[in-house]
Amino acid sequence: MAFDIKADKNEVRVNLDGKIFVEDAAQLREKLLDLIGTGYRRFVINMSQATYIDSSGLGVLVAIHKRAIEHGGGVVIQGLQGAVKELFLMTRLNKVFDIE
């Protein structure tokens, strides 16, 4: 997996690309938690190029969402498609996140 994180003054935009496995999820979690620690509260996760995400990756998204909400923010998921979209629907995470 590759990910690109861009933070501006109001939000963090994350582009995920490829297959997201446990090793990748741990790196992503660390970077996003660091950003929450520095004051960022709104995260926009673009998953239009993500082809697979395992349970650890989903866990990271849920953890970041929970932490952002605790600090008055949240997570928006964009570009779900294919197997990744189906997984969000099967796990009902589409009810947890704002999906665009």
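- Judged by distance alone, the side chain of Asn46 and the main-chain N or O of Leu16 form no donor-acceptor pair under 3.5 Å.
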- Task: Please report the C-alpha distance between Ile5 and Leu28 in whole Å, then the side-chain angles of each, then the deciding distance to 0.1 Å, and finally whether the side-chain contact (heavy atoms from CB on, under 4.5 Å) criterion is met.
- Result: CA-CA 9 Å; Ile5 300 173; Leu28 181 63; 4.2 Å; yes

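- For the atom pair CD1 (Ile77) and OG (Ser48), the distance works out to 12.0 Å, reported to the nearest 0.5 Å.
- Grouped with Ile69 in a hydrophobic cluster is no other residue, since no side-chain heavy-atom contact under 4.5 Å to another Ile, Leu, Val, Met, Phe, Trp or Tyr is found.
- The same ILVMFWY cluster, assembled from side-chain heavy atoms under 4.5 Å apart, contains both Leu35 and Leu33.
- Within the structure, ring-ring contact (aromatic ring centres under 6.0 Å, His included) pairs that include any residue of residues 45-67 comprise Phe21-Tyr52, His65-Phe97 (at least two apart or interchain).
- Counting heavy atoms from C-beta outward, Thr51 and Val84 have side chains that stay 4.5 Å or more apart.
- For Lys6, the side chain to side chain donor-acceptor pair (under 3.5 Å) criterion is met by Asp4, not counting sequence neighbours.
- Identified under the side chain to side chain donor-acceptor pair (under 3.5 Å) test for residues 67-96, with sequence neighbours left out: Gln78-Glu100.
- Counting heavy atoms from C-beta outward, Arg13 and Phe43 have side chains that stay 4.5 Å or more apart.
- Taking 4.5 Å as the limit, every side-chain heavy atom of Val44 sits out of range of all side-chain heavy atoms of Val12.
- In this structure, CZ in Phe3 is found 12.0 Å from CG in Asp17, a value given to the nearest 0.5 Å.
- Remark: Glu23 CD to Ser56 OG distance equals 7.5 Å, nearest 0.5 Å.
- If you take CG on Asp34 and CZ on Arg29, they are separated by 11.0 Å, rounding to the nearest 0.5 Å.
- The side chain to side chain donor-acceptor pair (under 3.5 Å) test applied to Asp98 returns no partner, not counting sequence neighbours.
- Tyr40 places no side-chain N or O within donor-acceptor distance of the main-chain N or O of Lys9, the cut-off being under 3.5 Å.
- Taking the side chain as every heavy atom from C-beta outward, Met47 and Leu61 approach each other to under 4.5 Å.
- Sorted by first then second residue, the salt bridge (Lys or Arg N to Asp or Glu O under 4.0 Å) pairs that include residues 37-46, not counting sequence neighbours, are Glu11-Arg42.
- In terms of heavy atoms, Asp54 sits closest to Val22 at OD2-N, 3.1 Å.
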- Message: Working note: Ile45 + Val76, criterion side-chain contact (heavy atoms from CB on, under 4.5 Å); need CA distance, chi angles, decisive distance, verdict.
- Response: CA-CA 6 Å; Ile45 313 290; Val76 174; over 6 Å; no

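- Nearest heavy-atom pair, Gly74 versus Ala68, reported as atom, atom and distance to 0.1 Å: N-CB, 3.6 Å.
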